[in-house]
Amino acid sequence: MKSRTSFRVLAVDDRQDALDIIQHTLGAAGYQVTTVTSAADAVRVLEFVSIDIVISETTLYDVIGLDFIRYVRENFKDLAIVILTDAPCIDSAVLSIKEGAEDYLVKPPDRERLLSIMDRIKDKLILRRQIQEENTRKSYGIIGNSPGIAKVIENIDKASAYNANVLIQGESGVGKELVARAIHYAGERARFAFVPVNCTAIPETLLESELFGYARGAFTGAGDGREGFFQIADGGTLFLDEIGDASLAMQGKLLRVLQNKEIQIVGSGRIKKIDTRIIAATNKDLLATCASRLFREDLYYRLAVIEITVPPLRERREDILPLANMFIAGFVKELKKDPPEFTDNALETIKNYQWPGNVRELENCIQRLMIITDRAVIDVSDLPHVMRSNTEYRIDPMKTLAQAEAEHIRAVLQATGGNKSRASSILGIDRKTLREKIKKFGLPDSPPGNFSPPGKNSPEHFSS
Ligand SMILES: Nc1ncnc2c1ncn2[C@@H]1O[C@H](COP(=O)(O)OP(=O)(O)OP(=O)(O)O)[C@@H](O)[C@H]1O
Ligand SMILES: [Mg+2]
């Protein structure tokens with residue numbers, strides 16, 4: 001029998017004595033048990049803790065029991081329900097089973113029957129999950145039920161069945177690399193390497209040798225020679241990240257390889273045929289970049305045979321809580337601590353926030369809340385300032401453009417935890433420009449967590 005310890009039970013009853021029996025019996029057997037005395041509390045727990053089995057009284061004071069059970073049925077489809085009932089109410093228990101409850105227990109619950117029902121449900125859930133896991137594998141571990149994500153997954157299905165080049169577009173932190181990996185690992189190239197390359201990170205002088213490798217003795221210090229990214233990814237996939245920022249020199253070299261499907265190793269006359277699939281990603285509008293001549297249109301068309309756009313998180317708000325739950329579950333495992341509870345207002349704030357840094361910002365936010373904040377209950381005041389001031393952060397028609405710009409830059413810096421390279425990519429400006437603006441507006445230029453509140457350095461004091 002599989003261990004009971006990974007199973008979480010939530011017991012709801014307005015009376016403590018039945019709850020005590022459940023807590024002792026199941027707790028001693030290794031189940032993780034949470035008990036609450038009202039449906040309202042139960043709903044709150046369900047919102048943020050992943051519960052496997054609910055044991056509930058049918059007639060709760062604050063909500064009619066059957067409605068609570070229906071609520072659970074409709075909102076938490078893979079959760080099992082057991083009804084707790086007084087002897088004269090067995091009829092209603094039977095009715096609840098018709099509504100989808102697994103079984104019922106008469107109060108005071110018999111310990112043996114309680115445990116046998118739980119073990120039976122546990123085994124059933126394990127089986128059901130194995131099936132679900134197989135299905136999730138089909139969605140490549142990408143969380144989200146929004147139409148936007150469904151479309152992305154559909155496109156991954158198609159892309160993984162072909163060898164055509166793929167261009168993935170989307171704001172910073174939306175999951176472009178996750179999509180690229182999904183395409184690679186779902187296809188026939190999975191046996192070979194997935195090689196991520198950041199197009200902005202290769203110095204111009206090393207461009208050719210990094211991409212195509214060099215032969216023994218090609219230059220001083222060349223030693224025995226080395227393979228380039230294209231050779232390492234031969235048979236597999238080369239992931240060209242931030243392709244929109246690739247230099248024109250790099251674009252030219254890439255285009256040549258894509259046209260000829262061969263490379264020339266630096267320092268040798270040798271031409272090598274290569275079979276490397278290209279998946280490129282950018283947070284820029286690449287066609288617009290073509291129009292401004294910073295990106296070669298011929299290269300764009302070679303890359304964008306299949307185009308996948310990952311929508312920003314604020315355009316698929318229904319994915320926010322499932323993603324948050326996934327990150328919480330991950331950190332719970334890693335940090336070996338209980339998941340925090342979130343107040344209704346905190347949840348509301350999380351759902352309504354704009355998430356300029358998208359899923360990565362959400363992940364960082366949850367991590368900070370669990371490690372740095374380290375509270376059992378998380379309220380709005382524990383959330384980063386930028387999320388709380390969301391409502392204040394509106395365009396004020398009486399502001400100068402410079403003031404609005406300064407405030408926006410401050411908000412993005414705060415959202416990215418002071419990471420200038422991410423902030424600049426969200427803002428659509430290069431890092432140098434960002435640094436200049438930080439200086440010009442007197443914004444705090446400090447590591448994360450040290451942002452001073454608007455005050456003597458606030459943009460109002462600076463003219464432009
Ligand atoms: N739908 C999703 N389901 C699960 N995890 C996700 C999802 N989207 C993003 N993530 C996670 O969020 C983080 C950021 O994703 P990723 O690195 O793929 O974004 P990106 O678009 O490449 O960002 P950037 O433009 O900044 O490079 C990763 O940890 C990734 O696993
Ligand atoms: Mg990325």
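Numbering of ligands and ligand atoms starts at 1, following listing order. Just so you know, residue 1 is the first one in the sequence shown, and it goes up from there.
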Asks: For ligand 1, note which part of Val179 has a heavy atom under 4.0 Å away: side chain, backbone, both or neither.
Replies: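 Looking at Val179 and ligand 1, no heavy atom falls under 4.0 Å.
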
Asks: Please check if the side chain of Thr237 supplies one atom and the backbone of Ala233 the other of a donor-acceptor pair under 3.5 Å.
Replies: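 No; zero donor-acceptor contacts below 3.5 Å.
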
Asks: Looking only at distances, can you tell me whether any N or O atom of Gly173, backbone or side chain, sits closer than 3.5 Å to an N or O atom of ligand 1?
Replies: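 It does: an N or O of Gly173 is found under 3.5 Å from an N or O of ligand 1.
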
Asks: Quick test: of every protein heavy atom, which one is nearest to atom 26 (O) of ligand 1, and how far off is it to 0.1 Å?
Replies: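 Answer for atom 26 (O) of ligand 1: Arg360 NH1, 2.8 Å.
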
Asks: Could you tell me whether some N/O pair between Leu178 and ligand 1 is separated by less than 3.5 angstrom?
Replies: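 Right, the criterion is met.
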
Asks: Tell me whether Arg422 has any N or O atom under 3.5 angstrom from an N or O of ligand 1.
Replies: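 No, there is no polar N/O contact under 3.5 Å.
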
Asks: Test your reading of the structure: does Lys176 have an N or O sitting under 3.5 Å from an N or O of ligand 1?
Replies: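 Yes, at least one N or O pair falls under 3.5 Å.
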
Asks: Just need the protein heavy atom nearest to atom 4 (C) of ligand 1, so name the residue and atom and give the distance.
Replies: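 I find the closest protein heavy atom is Met326 CE, 3.6 Å.
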
Asks: Any idea which protein heavy atom is nearest atom 28 (C) of ligand 1, and the distance to it?
Replies: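 Minimum-distance protein heavy atom for atom 28 (C) of ligand 1 reads Glu363 OE1, 3.9 Å.
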
Asks: So which protein heavy atom does atom 3 (N) of ligand 1 come closest to, and at what separation?
Replies: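 Answer for atom 3 (N) of ligand 1: Ile143 N, 2.9 Å.
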
Asks: At what distance is the nearest protein heavy atom to atom 11 (C) of ligand 1, and which residue and atom is it?
Replies: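 Sorting protein heavy atoms by distance from atom 11 (C) of ligand 1 puts Val359 CG1, 3.8 Å first.
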
Asks: State whether a side-chain donor-acceptor pair under 3.5 Å links Asn163 with Arg189.
Replies: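 Asn163 vs Arg189: donor-acceptor pair found between side chains.
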
Asks: In the protein, which heavy atom is nearest to atom 22 (O) of ligand 1, and how far is it?
Replies: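 The closest heavy atom on the protein side is Glu177 N, 3.2 Å.
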
Asks: Is there a side chain to side chain contact (heavy atoms under 4.5 Å, CB included) between Val36 and Val45 once you walk through the steps?
Replies: CA-CA 9 Å; Val36 291; Val45 172; 4.1 Å; yes

Asks: Taking only heavy atoms of Ile142, which atoms of ligand 1 are found under 4.0 Å from at least one of them?
Replies: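 Checking each atom against Ile142, I get 1 (N), 3 (N).
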
Asks: Scan side-chain atoms only and decide if Tyr301 and Asn165 contain a donor-acceptor pair under the 3.5 Å cut-off.
Replies: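 No.
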
Asks: Gly175 versus ligand 1: do any nitrogen or oxygen atoms come within less than 3.5 Å of each other?
Replies: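 Checking ligand 1 against Gly175, an N or O pair does fall under 3.5 Å apart.
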
Asks: Looking at every heavy atom in both Ser421 and Asn419, which two are closest together, and how far apart are they?
Replies: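 That would be N-OD1, 3.0 Å.
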
Asks: For Asn283 and Glu171, which I'm curious about, is there any donor-acceptor pair between the side chains at under 3.5 Å?
Replies: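 Looking only at side-chain atoms, Glu171 and Asn283 do not form any donor-acceptor pair under 3.5 Å.
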
Asks: Are the side chain of Gln251 and the backbone of Ala246 linked by a donor-acceptor contact shorter than 3.5 Å?
Replies: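 Side chain of Gln251 to backbone of Ala246, a donor-acceptor pair under 3.5 Å: yes, one is there.
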
Asks: Verify the distance criterion only: is there a donor paired with an acceptor across the side chains of Asp379 and Ser381 at less than 3.5 Å?
Replies: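 Looking only at side-chain atoms, Ser381 and Asp379 do not form any donor-acceptor pair under 3.5 Å.
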
Asks: Name the one of Glu361, Arg388, Arg314 that satisfies side-chain hydrogen bond (donor to acceptor under 3.5 Å, both in side chains) with Tyr353?
Replies: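 Single side-chain hydrogen bond (donor to acceptor under 3.5 Å, both in side chains) partner of Tyr353 among Glu361, Arg388, Arg314: Glu361.
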
